[in-house]
**Q** 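Pasting in a structure now, in structure tokens, and then I'll have a few things to ask.
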Amino acid sequence: MAGRRRWGRAGAAAGGGAATGLLDGHDPVAASGYPEHPPRVGFFTDTSICIGCKACEVACKEWNRVPEDGLQLTGMSYDNTGELGADTWRHVAFIEQRLPAASLPPGGPGAPVPGGSGPAPPASPGPGSSGAPSGGADGAPAGGADGIPAGSAGTTGVRWLMSSDVCKHCSRAACLDVCPTGALFRTELGAVVVQRDVCNGCGYCIPACPYGVIGQRPGDGRAWKCTLCSDRLAEGLRPACATACPTRSIQFGPLDELREQAARRLAELHGAGVAAARLYGHDPGDGVGGAGAFFLLLDEPEVYGLPPDPVVTTRDLPAMWRRVALAATALAGAGLAAFAGRRR
């Protein structure tokens, strides 16, 4: 394993040993029983350079032995998987948008459409552990004048938005809160994982997830979802999807580094005139305490099938239980008072 960065328990000392990954004053890994842990890791998906090749879907299925879940097109899109679920741990969304004539760029229909898809792979691997795309020979971003390589969609007034979706590995994960058997747990690297031999198939985690990530297989009943390839991380390997991505749209590494990298990429796109670019899931102050998998989007989250303001669905449970306890206490007190009155 010499020369490779280790992400597993044995790599804690090699990675510096200090517990990192504090999100909004909350360290979910330490709260899960790892007071000293390696840096929390996760995904940053830059959708502006996703080409929809589905290499991530295939790599995920092959490595994790996820069953095939349909090869028929829906008639609504080139997307043949539709959504995340028990048999789709990586889902590449295909969103086709017709642009009004007024939104076509100056220079005619052949000019680049800001935010258009069809990117080519970067000319060379980018610097850093998480593999950011590098710029061109003149220092400009690889691709079109707006910082995003333009494809043939720009000639028709249509653009494709493509994004590889995955479990968000939330900092405050409702699925962990509701699991009655402890089948769901958080690893020392921050991944939220289902232990298949402990899951009893109750299904409580499925409606608890604000993103609709978790699913059950027919005839099996157990819950299934992305594991962040924890078995690969333990051997010093990167997740299969990030390894297979040809454009480095899926970037993997310490979350702190990925957030800095995402901020730089966002500023680059804004500087190139792509005003609609935005980050999603990166904010430690959001409703799930910041996600372990976050995205750079080129349109509103709803366009990609993502909730605009996700919240941990169990956020009100403590207050609810306190009210139940107060109500039970008051009821018991009233009952005792009535009983005492009758005796008198």
Side-chain angles (χ1 to χ4, degrees), residues 4-5 7 41-74 77-96 116-126 128-134 142-143 148-153 159-169 191 213 224-233 235-253 258 261-262 265 280 292-298 304-306:
R4 287 193 297 184
R5 186 171 191 172
W7 300 104
V41 297
F43 293 120
F44 164 47
T45 301
D46 182 351
T47 70
S48 70
I49 55 173
C50 176
I51 58 173
C53 67
K54 288 184 175 278
C56 55
E57 284 192 17
V58 174
C60 176
K61 283 183 175 292
E62 287 186 343
W63 179 264
N64 295 292
R65 299 182 180 178
V66 179
E68 181 271 322
D69 55 342
L71 298 176
Q72 300 298 319
L73 297 180
T74 63
S77 166
Y78 287 108
D79 176 3
N80 67 305
T81 47
E83 60 185 359
L84 294 171
D87 294 336
T88 303
W89 298 2
R90 267 283 178 188
H91 165 239
V92 179
F94 286 67
I95 300 107
E96 183 178 8
S117 65
S124 60
S129 61
S130 49
S134 61
I148 303 175
S152 59
R159 77 168 179 176
W160 286 94
L161 300 178
M162 300 176 184
S163 173
S164 180
D165 197 9
V166 71
C167 171
K168 312 309 181 290
H169 298 278
V213 163
W224 300 85
K225 71 173 196 66
C226 164
T227 67
L228 203 68
C229 280
S230 293
D231 53 341
R232 291 177 60 86
L233 302 188
E235 296 300 322
L237 302 172
R238 299 164 69 238
C241 56
T243 302
C245 181
T247 65
R248 299 179 181 266
S249 171
I250 302 172
Q251 298 162 29
F252 172 80
L258 291 179
Q261 177 180 319
R265 176 61 174 160
Y280 178 85
F294 64 101
F295 304 81
L296 187 151
L297 305 178
L298 297 177
Y304 296 84
L306 296 168

**Q** To the nearest 0.5 Å, tell me how far Cys50 SG sits from Asp165 CG.
**A**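 Here the rounded value is 11.0 Å.
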**Q** Could you tell me whether a side-chain N or O of Thr227 sits under 3.5 Å from a main-chain N or O of Cys229, the two making a donor and an acceptor?
**A** yes
**Q** Would you mind reporting whether Thr45 and Ser249 have side-chain heavy atoms less than 4.5 Å apart?
**A** yes
**Q** Quick one, Leu237 and Thr243 - any side-chain contact, counting heavy atoms below 4.5 Å?
**A** no
**Q** Output all residues satisfying side-chain hydrogen bond (donor to acceptor under 3.5 Å, both in side chains) with Lys225, sequence neighbours left out; order by chain, then residue number.
**A** none
**Q** Where is the tightest heavy-atom contact between Gly52 and Phe94, given as atom of each residue plus distance?
**A**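 Here Gly52 and Phe94 meet closest at O-CZ, 3.2 Å.
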**Q** My understanding is that only residues two or more places apart in sequence, or in another chain, count here; which of them pass side chain to side chain contact (heavy atoms under 4.5 Å, CB included) with Cys56?
**A**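 Listed in chain order: Arg90, Val92, Ser164, Cys241, Ile250.
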**Q** Nearest heavy-atom pair of Val166 and Trp89: which atoms, and what distance?
**A** CG2-O, 3.5 Å
**Q** Is Thr247 reaching over with its side chain to a backbone N or O of Ile49, donor-acceptor style, under 3.5 angstrom?
**A**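 Judged by distance alone, yes, a pair lies under 3.5 Å.
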**Q** Can you name the closest pair of heavy atoms from Arg238 and Arg232 and give their distance?
**A** O-NE, 2.6 Å
**Q** Drop me the distance from Leu296's CG to Asp46's CG, to the nearest 0.5 angstrom.
**A**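 If we round to the nearest 0.5 Å, Leu296:CG and Asp46:CG are 5.0 Å apart.
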**Q** Could you measure the distance from the SG atom of Cys226 to the NZ atom of Lys168? Nearest 0.5 Å is fine.
**A**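 Atom-to-atom, Cys226:SG and Lys168:NZ are 10.0 Å apart.
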**Q** With Asp87, which residues qualify under side chain to side chain contact (heavy atoms under 4.5 Å, CB included), at least two apart?
**A**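 Partners of Asp87 by the side chain to side chain contact (heavy atoms under 4.5 Å, CB included) criterion, ordered by chain and then number, come out as Val66, Pro67, Asp69, Arg217.
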**Q** What is the distance from atom CE of Met162 to atom CD of Glu96, rounded to the nearest 0.5 Å?
**A** 9.5 Å
**Q** Kindly indicate whether the side chain of Val41, heavy atoms from C-beta on, has any atom under 4.5 Å from the side chain of Leu228.
**A** yes
**Q** Could you label the plane-to-plane angle of the Phe295 and Tyr280 rings as parallel, tilted or perpendicular, counting under 30° as parallel and over 60° as perpendicular?
**A** tilted
**Q** Is Tyr304 close to Leu161 at the side-chain level, that is, under 4.5 Å between some pair of heavy atoms?
**A**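 Yes - at least one pair of side-chain heavy atoms lies under 4.5 Å apart.
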**Q** Minimum heavy-atom separation for Gly42 to Phe252, with atom names?
**A** O-CD1, 3.1 Å
**Q** If you compare all heavy atoms of Phe294 against all heavy atoms of Ala262, which two are closest, and at what distance to 0.1 Å?
**A**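 Shortest heavy-atom contact: CE1-CB, 3.5 Å.
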